[in-house]
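See structure below.
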Amino acid sequence: MSAALQTHTVTVDPITVEVIGSALSSITEEMGEALVRASYSTNIKERRDCSTALFDAAGNTLCQAEHIPMHLGSFIDMLPHILKRHPAEHIRPGDVFIGNDAYEGGGTHLPDFVLAEPIFVDGQIIAWTVNTAHHADFADRGHAHIFQEGLRIPPIHLYRAGELQKDVQELILLNCQVPRERLSDLRAQMAANRLGVMRMQSLCNKYGRQVVLAAADALQDYAERKMRAGIAAIPDGVYRFEDVYENPEVPEPLAMSCEIHVTGDTMQMHFDAARQVRAGLNMTRTALLATVYYAVKCLVDPDVLPNAGLARPISVTATEGTVVNCSYPAAVNGRCSTCQRVVDLIFGALAPAVPDRVIAATNGANTAALFAGSNDDGTPWIYLETIGGGSGARATKDGMDGVQVHMTNTSNLPVEALEIEYPLTLLRYELVNGSGGGGEYRGGMGLRRVYRAERHCHLRVDGSRFNTSPWGLSGGLDGSRAVLETGELAIDHGIVVMQPGDVIGIVTAGAGGYGSPAERDPAAVKRDFAEGGLTRDAARKIYPQAALGG
């Protein structure tokens, strides 16, 4: 950074810019903790399926907390939609907007309710505080098109000048299956945003509004410079990769491809894929952009600031009407699993250019189990679980076992919380030994979760890699596939009807290995074998260099 940063008429020294940048990060992280601690549903209070961010007055990202990369797609188009419908001169302190629609609200799928509140200083909007939370509510619905997936909300007032619009809230809750959870979680979202407003106003009171805004501009410019420097370090060229995406909702695998042009300090990406489907697997353009920004940031400079500046050197195009850039009224509920495969496309394409930075294919899904049923009094209960899997091996390390990867970053739901709150019993929860692909560095292992229903319920399973394997890199072997252990239970397009006592197991995929198995340290092989990660026969076959004895 230069000795001084000039923005408009205000000069801000680099130390102040750094301090204000750290303050913005702290504000978004504190907002996130407030949202989690104040929420009611297990999906937010335990699994942390939420994100927080700050935007400038024009709708550019200032900072997103390190929560869930996918949620950037629910943020980046929300404010343009708000300002298109509600001119800034008509917005007042205490106004709060809510929206979720994938076509008219900037969202990426309907369960993610976004709340945005303007931050006023000296009578002017200087920024926005924004958060989203996944309201695990819209169950027992189809996914042929967006109208089946829940209530569509364009950006509308939930509060006007600090006053709750009760009719709007009642309309939303009337369309929810578990309104008590929704109301409590919405209140938690409100609390998180109010905290962001207060913290940002305090920051401006301390340093001055003009200094904070100048520092915010400088931080975006700095992120752009870092991204350009990182892209410039990648050899110029055209890089391509193809893969397929399969899911229980569709009968045939869906072809996907990307082409990446690296020229100097810029990167142009084009994506193509199968036509959009009558299933909840389609991605909106904002979901694609969030995926691209995450993937490129990981490869180019993981430490680059998470603001709008990082996107400036990257251009993205995609064939319209496809699963990676769908058109109205395509269904989008399960878009996150499709996004995972897009990350694999980008990594696979750039592997020849930056092999030391790319990881092998991960489990390639956001494996979701959505249980829904009724209590004794007839009120619905809904339980959403997303299950981790293997993370791809790296050029210098084994892949991680049983984790969420790439576009999702939710936490494990403790068994105790599950069994206390829902009529389900978890019989097994374990790593799947040997599921990581072999290599000089092995892929991460998948997970197995085995559930027993204690009441009649429906289960919808959304996932991938049931028929294809996560690929390895540089001679590494493929990871194992995902499996549904249904026994004699019938499954139709990922839906299972369960009676009390029925048992189902969900096994997520392992991940690809990196480098030739012949190069793996024999001591590491023996450790895998001793810890149950490999059978003796498998170890002898994959790693003949390790003397395992009889």
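Note that this is a predicted model, so its numbers are computed, not measured. The figures that follow rest on heavy atoms only: side chains count, while hydrogens, waters and symmetry mates do not.
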Exactly one candidate in Leu83, Leu62, Asp56 meets side-chain contact (heavy atoms from CB on, under 4.5 Å) with Trp128; the answer is Leu83

Is a side-chain donor or acceptor of Ser337 paired with a backbone partner of Asn366 at a separation under 3.5 angstrom? yes

For the pair Trp381 and Tyr422, name the ring-plane relationship: parallel under 30°, tilted 30 to 60°, perpendicular over 60°. tilted

List the steps, then state whether salt bridge (Lys or Arg N to Asp or Glu O under 4.0 Å) holds for Arg335 with Asp112. CA-CA 12 Å; Arg335 85 284 185 236; Asp112 287 346; 3.1 Å; yes

Residues forming a salt bridge (Lys or Arg N to Asp or Glu O under 4.0 Å) with Lys297, sequence neighbours excluded: none

Audit row: Glu430, Arg449, salt bridge (Lys or Arg N to Asp or Glu O under 4.0 Å) steps and yes/no: CA-CA 7 Å; Glu430 60 194 2; Arg449 281 174 78 90; over 6 Å; no

Within this structure, what is the CG-CG distance for the pair Asp49 and Leu413, rounded to the nearest 0.5 Å? 11.5 Å

By salt bridge (Lys or Arg N to Asp or Glu O under 4.0 Å), Glu419 pairs with (sequence neighbours left out) none

Student check: side-chain heavy atoms of Thr61 and Ile76 closer than 4.5 Å: yes

Do Gln165 and His157 have side-chain atoms, one donor and one acceptor, less than 3.5 Å apart? no

Please assess Ser41 against Asn43 for the test side-chain hydrogen bond (donor to acceptor under 3.5 Å, both in side chains), listing each intermediate value before the final yes or no. CA-CA 5 Å; Ser41 67; Asn43 196 50; 5.7 Å; no

If the condition is side-chain contact (heavy atoms from CB on, under 4.5 Å), which residues does Ser25 pass it with, not counting sequence neighbours? Cys63

Aromatic Phe113 / basic Arg152 pairing, under 6.0 angstrom, 45° off normal: no

Taking it one step at a time, do Val277 and Leu254 satisfy side-chain contact (heavy atoms from CB on, under 4.5 Å)? CA-CA 9 Å; Val277 293; Leu254 306 173; 3.9 Å; yes

Are any side-chain N or O atoms of Glu246 and backbone N or O atoms of Phe466, one a donor and one an acceptor, separated by less than 3.5 Å? yes

Quick one: are Leu24 and Glu29 in side-chain contact, heavy atoms under 4.5 Å? no

Would you please indicate if the ring centroids of His143 and His145 are separated by under 6.0 Å? no

To the nearest 0.5 angstrom, please state how far the OG1 atom of Thr28 sits from the CD atom of Gln64. 8.5 Å

Please lay out, stage by stage, how Val324 and Arg285 fare under the test side-chain contact (heavy atoms from CB on, under 4.5 Å). CA-CA 7 Å; Val324 296; Arg285 176 171 171 78; over 6 Å; no

May I ask you to check whether Tyr103 and His81 place their ring centers less than 6.0 Å from one another? no

Any chance you could lay out the salt bridge (Lys or Arg N to Asp or Glu O under 4.0 Å) test for Arg452 and Glu454, step after step, and finish with the verdict? CA-CA 6 Å; Arg452 184 177 68 212; Glu454 306 301 342; 2.8 Å; yes

Within-4.5 Å side-chain heavy-atom neighbours: Leu115 and Asn193: yes

Tyr40 atom OH, neighbour heavy-atom count above 12 within 6.0 Å: no

May I ask you to check whether Phe97 and Tyr159 place their ring centers less than 6.0 Å from one another? no

Please determine whether a side-chain nitrogen of the Lys or Arg among Lys45 and Glu421 lies less than 4.0 Å from a carboxylate oxygen of the Asp or Glu. yes

